[in-house]
Amino acid sequence: MDKLLIEGGIPLKGHVPISGAKNAALPLIAATLLAPGKHSFSNVPRLRDIRTMQRLLSYMGAESEHGEHFHIDTSRVHTTEAPYELVKTMRASVLVLGPLVARHRQAKVSLPGGCTIGARPINLHLKGLEQMGVEVQLEHGYVIANAERLRGATVSFDQVTVTGTENLMMAACLADGVTVLENAAREPEVVNLAEYLVKMGALIHGAGTPKITIEGVSELTPGIHTVIPDRIETGTYLVAAGITGGHLTLSPCRPDHVEAIIRKLEMAGLTIEVKDNTLDVQRTSSIHSVDMKTWPFPGFPTDMQAQFMSLMTVGDGVSLITEQIFENRFMHVLELKRLGASINLDGRSAVVRGVQSLSGAPVMATDLRASACLVLAGLAAEGVTEISRIYHLDRGYEAIERKLEAVGARIWRKQ
Ligand code: EPZ
């Protein structure tokens with residue numbers, strides 16, 4: 001299994017190209033099931049999760065290729081089943097449920113199963129579909145969904161859910177009547193998806209606000225769309241500049257998608273200039289320890305919590321980090337402590353006391369963002385850090401070691 005080795009202590013300097021967003025590309029690819037035919041996306045990142053989604057849709061009969069652009073033809077989809085073997089490797093596979101039941105009036109989708117960061121049930125997805133007239137049964141680890149016809153409904157989410165909002169928004173596009181999603185997720189990835197659905201002929205209002213209204217239509221037509229830049233990758237490289245005391249420019253970015261991240265990092269002592277779609281970041285003072293709570297968008301994203309914690313491990317005081325979205329998203333804490341960090345956990349909060357410096361050691365990645373956090377800590381640590389189980393990293397970061405090497409990092413992959 002691949003490992004990453006990082007010799008830390010080098011201030012990173014130069015330009016980092018930002019890739020398309022994994023969490024925008026995945027629902028877009030699932031949405032192609034709503035309209036049989038040829039779809040084309042640009043700026044789709046080359047990631048393990050994208051290949052998993054490709055495999056899932058080709059299992060259903062779709063044909064896709066990922067050259068300069070991502071092309072997919074769904075005109076020969078012949079099954080509405082998403083098997084456990086594929087779903088178990090990527091929870092986001094559940095995003096095919098809404099489009100399949102809307103387009104084919106039936107779906108058999110494996111339940112995603114457990115996840116290291118939390119229980120992550122899909123009860124809100126299923127409850128919403130039931131309100132739209134879908135009969136839902138759970139059998140042998142599968143969701144069996146059937147509907148004579150989908151009808152519009154008012155769905156009020158008990159809790160903000162990103163893929164729940166995306167699944168029901170897609171299903172509602174082909175339902176009879178009007179669907180209103182209340183307490184909906186406002187993430188930029190939801191908006192990127194809604195923009196494509198509208199391009200295909202859907203009638204959607206309010207994407208990006210807590211209330212989304214969808215008026216069903218009889219059919220949608222394939223089209224062309226662009227994936228937004230990855231705001232979490234952007235945030236990760238902002239921290240890379242801060243934790244190494246370097247100076248980076250990042251582009252193409254959407255500054256409006258990373259405002260909460262920028263604000264928090266500026267409080268921590270980073271200087272971040274916004275120039276059109278480019279961010280210019282450097283650290284001109286010591287790292288200030290600041291508190292942080294994760295929130296749904298436009299709050300500070302949970303997918304940046306671990307990376308932010310790595311920065312706070314070398315802060316000039318004490319930082320209280322509270323994880324409000326997932327109940328078990330502190331797996332990286334023990335690994336950071338192996339690098340010499342001082343962190344105490346108390347339920348959903350972590351008290352991080354800044355130390356003078358970290359020292360390199362062998363550590364283990366436990367999930368996607370935890371692995372990014374360990375890469376950042378390794379870039380700052382004295383000596384060599386060896387990160388194992390980096391298959392987690394490859395799920396969501398395109399060519400991370402090539403991008404880091406290009407700005408001066410001493411990083412290499414070992415089998
Ligand atoms: C999306 O996951 C992202 N994944 C996650 O990114 C991200 O962490 C998360 O949103 C929150 O921002 C994709 O977009 C593919 P949720 P999702 O439903 O949609 C609870 C990464 O690192 N909940 O918004 O699965 C749930 O348990 C990944 O790229 C229910 O209880 O997250 C959690 O506590 C990790 N019942 C909270 O809501 C439901 O039916 C938010 O989860 C649905 C969710």
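As the structure is a computational prediction, the values presented were derived from the model and not from experiment. Just follow the structure's listing: the first ligand is 1, and inside any ligand the first atom is 1. All residue numbers refer to positions in the sequence shown, counting from 1.
Cation-pi check for Lys264 over Phe300 is not met; the charged atom does not lie both under 6.0 angstrom from the ring centroid and within 45 degrees of its normal.
When only interatomic distances are considered, the shortest N/O to N/O separation between Glu187 and ligand 1 does not fall below 3.5 Å. Backbone and side-chain nitrogen or oxygen atoms of Glu166 are examined, and none is located within less than 3.5 angstrom of a nitrogen or oxygen of ligand 1. Close N/O approach between Arg369 and ligand 1 is found [any backbone or side-chain N/O within under 3.5 Å]. For ligand 1, the polar-atom distance check against Leu124 finds a nitrogen or oxygen pair separated by under 3.5 Å.
Looking at Thr302 against ligand 1, only its side chain comes within 4.0 Å, counting heavy atoms. Residue-level proximity to ligand 1 for Arg120 is carried by backbone and side chain together, each with a heavy atom below 4.0 angstrom. If you look at Pro121 next to ligand 1, the close heavy atoms, those under 4.0 Å, come from the backbone and the side chain alike. Of all the heavy atoms of Thr163, the ones lying under 4.0 Å from any atom of ligand 1 are found in both the backbone and the side chain. Looking at Ile325 against ligand 1, both its backbone and its side chain come within 4.0 Å, counting heavy atoms.
Protein heavy atom at the shortest distance from atom 5 (C) of ligand 1 is Asp303 OD2, 3.7 Å. The single protein non-hydrogen atom nearest to atom 26 (C) of ligand 1 is Phe326 CE2, 4.2 Å, given as residue, atom name and distance.
Taking all heavy atoms of Arg329, Arg91, Glu323, Met304 into account, the minimum distance to atom 35 (C) of ligand 1 is reached by Arg329. Proximity annotation for atom 1 (C) of ligand 1: of Ile232, Val160, Ile122, Val162, Val162 comes nearest, heavy atoms only.
Between the side chains of Asp2 and Gln415, at least one donor-acceptor pair of N or O atoms lies under 3.5 Å. For the residue pair His392 / Asp367, no side-chain donor-acceptor distance below 3.5 Å is found, with atom types taken as modelled.
In this structure, Arg105 does not pair ionically with Glu148, as no charged nitrogen and carboxylate oxygen lie closer than 4.0 Å. Checked for salt-bridge contact, Glu323 and Arg329 miss the test: no charged N lies under 4.0 Å from a carboxylate O.
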